Structure formats: structure tokens, C-alpha cells
S.K.: 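Dumping the structure here so I can ask a few things about it.
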Amino acid sequence: MRVLWVALDWGTTNLSAYVIGKDNQILQRLQSDKGMSQLDPEKFEPALLDGIGPWLRNDEITPVIACGMIGAQQGWLEAPYAVAPCLPVTAESVVTVPTKDPRISVQIVPGVCQRAPDDVMRGEETQIAGYLADHHGFGGVFCLPGKHSKWVRVADGQIRNFTTFMTGEMFGLLSNQSILRHCVGGSEWDDAAFVKSVEAAVRDPAGLTAKLFSLRPQALLNGTPSGTLKATLSGFLIGTELAAARQIWDRRDIVIVGDRENARLYKTALATLGKAALTYDSDSAIVQGLRPIAELAHCEFQVT
């Protein structure tokens with residue numbers, strides 16, 4: 001099946017590549033652990049070709065459109081930030097990466113920065129653009145959960161302002177490197193404990209660090225199962241985030257864009273507070289957000 005273009009979401013620790021065919025159908029999703037932090041500039045192209053090489057044809061140029069940390073200062077080639085308020089993605093702001101392989105043309109979408117207070121994003125702007133491509137006129141708030149969760153206010157098609165929370169990274173550090181690692185391991189999960197801890201964190205966000213340590217004695221003295229404590233840890237962190245972000249999401253429509261499990265947790269947490277939210281698949285958002293850039297590139301190659 002003919003490949004028209006390739007979408008990349010190239011983050012700090014992972015690479016997701018989407019091979020796109022006719023009618024923007026995703027022919028295959030490729031995953032790699034070769035994230036930006038592991039690669040020197042000269043190693044990005046070989047890492048990319050390792051994944052998509054079998055899909056390329058020798059008789060044509062395939063547009064490869066990328067977003068994420070690949071455009072950071074430490075990435076393949078820096079794509080300077082657009083400054084909010086701004087459109088999430090524009091064709092005029094992309095940068096073209098010099099490549100050795102004549103079968104590909106690589107372009108990187110820049111991230112967005114904010115001044116006062118200072119904040120940055122790379123990749124989330126593309127997910128927002130993808131949702132807006134299918135939902136013209138949306139005004140409200142995007143919740144983009146992950147390692148660094150984003151709450152982004154959008155109006156008139158523009159990113160107006162946003163706030164980042166290190167909730168996902170804190171969960172990872174506490175689960176794997178703190179004293180809590182001894183009591184929150186395993187794959188079990190307790191939804192009721194998650195909801196209860198979200199409510200507790202929202203009532204008293206200032207008490208977060210005390211709540212976190214309470215998991216240790218619950219394991220030692222009460223034998224509380226690890227699945228319950230893992231869910232409680234997540235609920236404490238997400239609940240504290242929601243309490244801090246309330247002025248952003250309160251009285252506004254919310255769309256959660258993320259992987260299925262993260263989106264489920266945030267939707268559940270918001271529902272616990274009486275707030276409804278829609279969810280949108282992150283893979284579709286990436287492809288839809290990069291599609292206009294790819295179509296321009298494809299037309300250019302067809303003309304030449």
C-alpha cells in the first residue's frame with residue numbers, strides 16, 4: 001500500500017511514528033525507545049530510517065512531519081518556539097532538516113512558549129491543532145495528561161495561556177526511586193481508592209507531602225495492598241493538580257487529549273469533582289495536527 005507521508009511524535013524518551021496512506025489512514029504505528037535524550041544530532045536520521053525504511057520508495061520523496069522534543073535545542077534541529085497567544089501550528093513556522101537519504105524530506109513543527117509566567121510545550125500544540133481541525137470554533141480548556149501535564153486555554157483558534165504540572169514525572173519518581181517504591185509496586189489497581197484520594201487531595205492540597213508519606217505506614221501497619229496504595233498515590237497527585245488548576249478549568253468546557261488510561265484517570269477525577277469532560281485520542285490528534293503541513297509538502301513534491 002502506498003505511503004503518502006509519515007507523522008512523528010518524537011519525545012524525550014520515545015519515538016512514535018505513524019505511516020499514513022490514502023485518506024489519512026494510519027497504515028502502521030511504529031514505537032521505539034530511541035528518544036531525543038539518547039541521540040546525538042547525527043543519529044536521528046539512522047534511528048528514523050530503522051523504523052520507516054521498509055515503507056519508503058526509491059522513486060519518490062516521502063514527507064516526514066515531526067513534533068515534540070526533536071525540535072528542542074538538544075534535538076535533531078532546533079525549531080524556535082512560537083509565542084502565545086498564537087495559532088497552535090502554522091506552515092510558516094516549520095523548519096526543514098537537512099537529510100542524507102533522498103527518499104525523505106523532514107520538517108519539524110515548533111513548540112509554543114509563554115511569557116509571564118514562563119512556560120513551554122512541545123508536541124501538545126500539535127495535539128490541540130488536531131482536535132481543532134475536527135472541531136472548528138471550540139473554545140475552552142485542553143487537559144493533556146502525561147509526564148508533564150498541560151492545561152491549555154484556547155479561544156478563537158489560538159493558544160492563549162497554559163500551565164504545566166510535573167504530575168506524571170512525580171508519580172514515576174515516587175514509585176521507582178522513593179521509599180514508597182516498596183509499597184506501590186505491581187500492576188494491581190483500586191479505582192475506589194483513586195477516587196477517595198482525589199477527593200482528599202482537593203480538600204487539602206497543602207497537605208500533599210504528609211499524605212504521600214502516609215502510604216508507608218499504611219503498608220507497614222495495616223498491610224494495605226499495593227494496588228490500593230498505587231491508586232492512592234496517583235489520586236493524591238492528580239487531585240492536587242486539579243485543585244491548583246481549578247481556576248483554569250472551572251466554568252469552561254474541557255477536552256482531555258491523551259492515551260486511553262491517562263485520559264480515563266483524569267476524566268474520572270474531574271467527574272469526582274462534578275465536572276464532565278470529553279476525551280480525544282492522542283494518536284488521531286497528532287496525525288490531524290500535522291496533516292496540513294504534510295499535504296503542503298506532498299503537493300510541492302508532486303509539482304516538482
Side-chain angles (χ1 to χ4, degrees), residues 6-18 29-53 63-84 86 88-101 104-130 144-152 159 162-173 176-177 257-259 262 282-283 285-287 289-290 293-294 297:
V6 176
L8 300 181
D9 180 10
W10 208 326
T12 302
T13 57
N14 293 287
L15 162 64
S16 295
Y18 307 86
R29 182 177 186 239
L30 307 169
Q31 286 286 107
S32 169
D33 60 1
K34 294 180 180 178
M36 178 274 293
S37 62
Q38 305 174 44
L39 302 172
D40 296 325
E42 66 274 9
K43 295 181 180 179
F44 278 91
E45 185 171 348
L48 172 62
L49 293 173
D50 282 346
I52 70 169
V64 179
I65 315 300
C67 67
M69 291 302 291
I70 186 177
Q73 289 181 349
Q74 301 80 14
W76 194 349
L77 183 69
E78 183 178 9
Y81 291 110
V83 181
C86 63
V89 174
T90 63
E92 295 77 17
S93 61
V94 300
V95 298
T96 300
V97 182
T99 55
K100 297 178 181 179
D101 195 309
I104 56 174
S105 174
V106 178
Q107 292 182 306
I108 300 176
V109 171
V112 174
C113 73
Q114 171 184 277
R115 295 293 191 177
D118 292 340
D119 209 334
V120 293
M121 68 170 73
R122 284 193 185 275
E124 293 87 358
E125 76 293 321
T126 301
Q127 294 177 326
I128 292 169
L144 301 112
K147 189 174 184 179
H148 300 147
S149 300
K150 309 281 184 184
W151 289 85
V152 186
I159 293 174
F162 58 97
T163 303
T164 302
F165 295 85
M166 293 179 64
T167 305
E169 184 165 7
M170 287 182 64
F171 180 83
L173 291 171
N176 299 308
Q177 298 184 38
V257 182
D259 66 77
N262 270 325
S282 57
D283 290 349
I286 289 292
V287 172
L290 296 178
I293 311 299

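Just so it is clear, the structure is predicted and the values come from calculations on it, not from any experiment.
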S.K.: So how far is it from Ile65 CD1 to Ile293 CD1, rounded to the nearest 0.5 Å?
M.R.: 7.0 Å
S.K.: Any idea which heavy atoms bring Pro98 and Leu77 closest together, and the distance?
M.R.: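 Scanning both residues, the minimum pair turns out to be CD-CD2, 4.3 Å.
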S.K.: Please identify each residue that fulfils salt bridge (Lys or Arg N to Asp or Glu O under 4.0 Å) with Asp119, with sequence neighbours left out.
M.R.: none
S.K.: Look only at the side chain of Asp259 and the backbone of Asn262, and say whether a donor-acceptor pair between them is shorter than 3.5 Å.
M.R.: yes
S.K.: Yes or no on side chain to side chain contact (heavy atoms under 4.5 Å, CB included) for Cys86 and Val112, after CA distance, side-chain angles and deciding distance?
M.R.: CA-CA 8 Å; Cys86 63; Val112 174; 3.8 Å; yes
S.K.: Classify the ring geometry of Trp10 against Trp76: parallel below 30°, tilted from 30° to 60°, perpendicular beyond 60°.
M.R.: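 Answer is perpendicular, since the angle exceeds 60°.
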S.K.: Got a sec, which residues hit side chain to side chain donor-acceptor pair (under 3.5 Å) with Thr90, two or more places apart in sequence or on another chain?
M.R.: Ser93
S.K.: Measuring from Leu15:CG to Met36:CE, what's the distance to the nearest 0.5 Å?
M.R.: 12.5 Å
S.K.: When rounded to the nearest 0.5 angstrom, what is the spacing between CE in Met69 and OG in Ser37?
M.R.: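 Output value for this atom pair is 9.0 Å.
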S.K.: Could I get the full list of ring-ring contact (aromatic ring centres under 6.0 Å, His included) partners for Tyr81, not counting sequence neighbours?
M.R.: none
S.K.: So, do Cys67 and Glu125 sit near enough that their side-chain heavy atoms are less than 4.5 Å apart?
M.R.: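 In short, these two side chains touch, coming nearer than 4.5 Å.
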S.K.: Side chains of Met121 and Leu144: does their closest heavy-atom pair fall under 4.5 Å?
M.R.: no
S.K.: Nearest 0.5 Å please: distance from the OG1 atom of Thr126 over to the CG atom of Leu290.
M.R.: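 Here the interatomic distance stands at 5.0 Å.
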S.K.: Working to the nearest 0.5 Å, report the span between CE of Met170 and OG of Ser149.
M.R.: 11.5 Å
S.K.: Measuring from Asp101:CG to Leu49:CG, what's the distance to the nearest 0.5 Å?
M.R.: 5.0 Å
